[in-house]
Participant: 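Please find one structure pasted underneath; my questions will follow.
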2 protein chains.
Amino acid sequence: MIFSSKAEYGVRLMVELGRQPPGHPTSLKAVAEAEGLPLAYLEQVVARLRKAGLVMSARGAHGGYWLASPAEEISMDEVVQALEGAIAPMECFVNEHTERVLCSHEPDAGRGCATKLLWTRVQGGIIRSLQQTTLADLVEFSRRGEHTGSPVFSRRGEHTATAA
Amino acid sequence: MIFSSKAEYGVRLMVELGRQPPGHPTSLKAVAEAEGLPLAYLEQVVARLRKAGLVMSARGAHGGYWLASPAEEISMDEVVQALEGAIAPMECFVNEHTERVLCSHEPDAGRGCATKLLWTRVQGGIIRSLQQTTLADLVEFSRRGEHTGSPVFSRRGEHTATAA
DNA sequence: CTAAATCCTACCAGCGCGGTCGGTTAACCG
DNA sequence: CGGTTAACCGACCGCGCTGGTAGGATTTAG
């Protein structure tokens with residue numbers, strides 16, 4: 001699996017918050033029951049979203065969480081990044097290396113990793129997909145859930161410039 | 001990390017085979033030494049590639065492995081698939097579901113997983129990236145690196161330009 | 001004050017990953 | 001033939017991460 005359940009739960013949480021009318025907070029308990037997820041674990045998940053500034057919170061009775069921005073302005077790139085950490089296809093990619101990565105197995109002979117070319121393309125593909133989807137897309141999708149599976153796929157023109 | 005080191009090692013192995021002149025097999029030992037990888041582990045990795053029909057083998061003295069097809073005809077999609085199994089962003093995606101996935105946490109209320117829309121897009125992004133890259137691309141990339149005699153990443157990670 | 005909620009830290013079982021080991025079979029070479 | 005090389009196979013194993021729990025401390029509405 002590419003993404004862990006942190007991402008799954010976190011995205012669901014965000015969608016759930018996006019479905020709520022603005023103005024009052026939603027408690028984690030309500031979300032946990034609606035989605036059938038363990039409350040205690042959700043706490044850890046939402047903490048990441050909060051630290052990333054994607055949701056805001058109020059403590060105490062009648063407290064809860066709400067989106068820090070309108071769903072239209074939240075790219076799923078930010079959400080997944082907050083939940084999973086940096087999108088890195090491979091070890092070499094973890095930190096924003098300035099230059100000269102040397103991914104441990106790299107031979108000190110002339111050439112560098114040829115694989116890096118591949119992982120770079122894949123990383124680009126993933127990030128583009130995430131950036132092109134907003135939370136509002138998912139909220140809308142969840143609203144007309146019981147309809148026939150309409151072709152919701154690439155709503156932004158076409159396959160973009162993914163280098164054919 | 002999105003891909004395990006199986007993918008890393010396997011892709012390197014394929015590149016190494018692609019660099020060899022055709023006609024005679026290359027032993028795993030040679031590959032292991034060239035790339036600095038554990039031989040015993042490489043055996044497991046190459047077994048997957050063989051079972052997928054991407055490489056062929058000859059046993060006995062002077063045996064070894066070679067590409068089953070010309071590098072130009074091998075899409076990295078096939079390679080990664082053979083090494084990592086199906087490209088599935090999430091549990092729900094593991095098997096070729098006809099319809100109605102019901103990913104365990106899916107609420108039996110009206111709507112289906114909104115997250116599925118997201119994971120589908122991501123999966124598409126990954127697979128497209130992989131399909132658009134052939135083994136020959138990587139082989140050529142690795143050759144460019146050694147001809148100049150200088151590191152491949154000479155221009156501040158600008159190699160993404162070659163990716164497009 | 002009390003209940004409801006966020007917040008925080010520590011802890012734990014299971015499992016997949018990366019890797020090793022020992023052995024068997026097959027082919028070439030002298 | 002007999003030795004050597006190298007593919008093939010399956011069992012095993014430590015470690016770290018994932019998914020999840022436990023228990024408490026803090027904040028706030030009523």
Side-chain angles (χ1 to χ4, degrees), chain A residues 1-13 17 20 24-52 54-66 68 83-86 88-91 94 103-105, chain B residues 1-13 17 20 24-52 54-66 68 83-86 88-91 94 103-105:
Chain A
M1 295 323 103
I2 291 193
F3 295 119
S4 70
S5 76
K6 268 194 193 60
E8 177 78 20
Y9 294 179
V11 170
R12 287 185 183 220
L13 178 77
L17 294 186
Q20 304 301 322
H24 60 86
T26 305
S27 77
L28 264 202
K29 195 179 163 200
V31 175
E33 283 171 358
E35 295 281 346
L37 304 177
L39 170 62
Y41 188 44
L42 259 191
E43 288 185 8
Q44 292 180 40
V45 172
V46 79
R48 294 176 175 240
L49 296 169
R50 184 173 43 80
K51 281 167 189 158
L54 291 166
V55 305
M56 309 195 72
S57 61
R59 304 178 65 164
H62 301 120
Y65 298 88
W66 62 92
L83 293 164
E84 292 279 320
M90 227 56 207
E91 285 296 342
V94 281
C103 31
S104 70
H105 292 295
Chain B
M1 295 325 104
I2 291 194
F3 295 118
S4 71
S5 78
K6 267 193 196 60
E8 176 77 19
Y9 294 179
V11 170
R12 287 186 183 219
L13 178 77
L17 293 186
Q20 304 302 322
H24 62 86
T26 305
S27 77
L28 264 200
K29 194 178 165 202
V31 175
E33 282 172 359
E35 295 280 347
L37 304 178
L39 170 63
Y41 188 44
L42 260 191
E43 287 186 9
Q44 291 181 41
V45 172
V46 79
R48 295 176 176 239
L49 296 169
R50 185 172 44 81
K51 282 166 190 160
L54 291 167
V55 304
M56 309 195 74
S57 61
R59 304 178 66 163
H62 303 118
Y65 297 89
W66 62 92
L83 294 164
E84 293 279 320
M90 227 57 205
E91 285 296 342
V94 281
C103 33
S104 71
H105 291 295

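Order of the sequence lines fixes the chain letters, A, B, ..., with proteins taken first and strands second; residue numbering starts at 1 for each chain.
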Participant: Taking only N and O in the side chain of A:Ser27, is any of them less than 4.0 Å away from OP1 or OP2 of C:dT6?
Facilitator: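 Checking A:Ser27 against C:dT6: no side-chain N or O falls below 4.0 Å of OP1 or OP2.
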
Participant: Is a side-chain N or O of B:Glu84 found less than 3.5 angstrom from the main chain of B:Ser4, in a donor-acceptor match?
Facilitator: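 The answer is yes, because a donor-acceptor pair under 3.5 Å joins these two groups.
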
Participant: From CG of B:Leu39 over to P of C:dG19, roughly how many Å is that when rounded to an integer?
Facilitator: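 My rounded result for the distance is 13 Å.
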
Participant: Between B:Trp66 and B:His24, is a side chain to side chain contact (heavy atoms under 4.5 Å, CB included) present by the stated rule, with each step listed?
Facilitator: CA-CA 8 Å; B:Trp66 62 92; B:His24 62 86; over 6 Å; no

Participant: So among A:Leu54, A:Val11, A:Leu17, which one has a side chain to side chain contact (heavy atoms under 4.5 Å, CB included) with A:Leu49?
Facilitator: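 It is A:Leu54; the other options fail the test.
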
Participant: DNA chain C: A:Ala61 or A:Ala47, which has the more 5' nearest nucleotide?
Facilitator: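 Of the two residues, A:Ala61 wins.
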
Participant: Distance criterion of 3.5 Å, no angle test: do you see the side chain of A:Arg59 paired donor-to-acceptor with the base of D:dT27?
Facilitator: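 No.
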
Participant: Please report the distance, rounded to the nearest Å, between CZ in B:Phe3 and C1' in C:dG18.
Facilitator: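 Distance check: B:Phe3 CZ to C:dG18 C1' gives 18 Å.
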
Participant: Given C:dC8, is OP1 or OP2 found less than 4.0 Å from the side-chain N or O atoms of A:Arg50?
Facilitator: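 It does, given that an N or O in the side chain of A:Arg50 lies less than 4.0 Å from OP1 or OP2 of C:dC8.
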
Participant: Choose from C:dG18, C:dG19, C:dC7 the nucleotide whose nearest atom is closest to any side-chain atom of B:Lys6.
Facilitator: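 The nucleotide sitting nearest to the side chain is C:dG18.
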
Participant: Is any side-chain nitrogen or oxygen of A:Ser4 closer than 4.0 Å to OP1 or OP2 of D:dG19?
Facilitator: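 Yes, because at least one side-chain N or O of A:Ser4 sits under 4.0 Å from OP1 or OP2 of D:dG19.
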
Participant: Write down the distance between OH (A:Tyr65) and P (D:dT28), rounded to a whole number of angstrom.
Facilitator: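 Distance, rounded to whole Å: 14 Å.
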
Participant: Can you tell me how far P of C:dG18 sits from CG of B:Leu42, to the nearest Å?
Facilitator: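 The answer, rounded to whole Å, is 13 Å.
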
Participant: Can you tell me if B:Ser5 touches the phosphate of C:dG18, counting only side-chain N or O atoms and a distance under 4.0 Å to OP1 or OP2?
Facilitator: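 For B:Ser5, the contact criterion (side-chain N or O under 4.0 Å from OP1 or OP2 of C:dG18) is met.
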
Participant: Grab the CZ-C1' distance between A:Arg48 and C:dC8 for me, whole Å please.
Facilitator: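 Between C1' of C:dC8 and CZ of A:Arg48: 14 Å.
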
Participant: Rounded to whole Å, please give me the gap between CG in A:Leu13 and P in C:dT6.
Facilitator: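 Whole-Å distance recorded here is 10 Å.
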
Participant: Could you tell me whether the phosphate oxygens of D:dC13, OP1 or OP2, come under 4.0 Å of any side-chain nitrogen or oxygen in B:Tyr41?
Facilitator: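 No, because none of the side-chain N or O atoms of B:Tyr41 sits under 4.0 Å from OP1 or OP2 of D:dC13.
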
Participant: Could you tell me whether the side chain of A:Val31 reaches within less than 4.5 Å of the side chain of A:Leu37, counting heavy atoms only?
Facilitator: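 The answer is no; the side chains never approach within 4.5 Å.
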
Participant: DNA chain C: A:Gln44 or A:Ala58, which has the more 5' nearest nucleotide?
Facilitator: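 Whichever sits nearer the 5' end wins; that is A:Ala58.
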
Participant: Closest-nucleotide mapping onto DNA chain D: is A:His62 or B:Gly64 further toward the 5' terminus? I mean the 5' end.
Facilitator: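 Of the two residues, B:Gly64 wins.
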
Participant: Check whether any side-chain nitrogen or oxygen of B:Tyr9 sits under 4.0 Å from OP1 or OP2 of C:dG19, and answer yes or no.
Facilitator: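 Looking at the OP1 and OP2 atoms of C:dG19, one of them is under 4.0 Å from a side-chain N or O of B:Tyr9.
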
Participant: Take atom NE2 of A:His24 and atom C1' of D:dT28, then tell me their distance rounded to the nearest Å.
Facilitator: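 Roughly 18 Å, once rounded to whole Å.
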
Participant: Give the rounded distance in Å between these two atoms: CD1 of A:Ile2 and C1' of D:dC17.
Facilitator: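 Value for this atom pair: 17 Å.
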
Participant: Start with the C-alpha gap between A:Leu28 and A:Leu39, add the side-chain angles, then the distance that decides, and say whether side chain to side chain contact (heavy atoms under 4.5 Å, CB included) holds.
Facilitator: CA-CA 7 Å; A:Leu28 264 202; A:Leu39 170 62; 3.6 Å; yes

Participant: Ignoring hydrogens and angles, are the base of C:dC8 and the side chain of A:Glu43 linked by a donor-acceptor pair under 3.5 Å?
Facilitator: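 It does, because a donor-acceptor pair links the side chain of A:Glu43 to the base of C:dC8 below 3.5 Å.
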
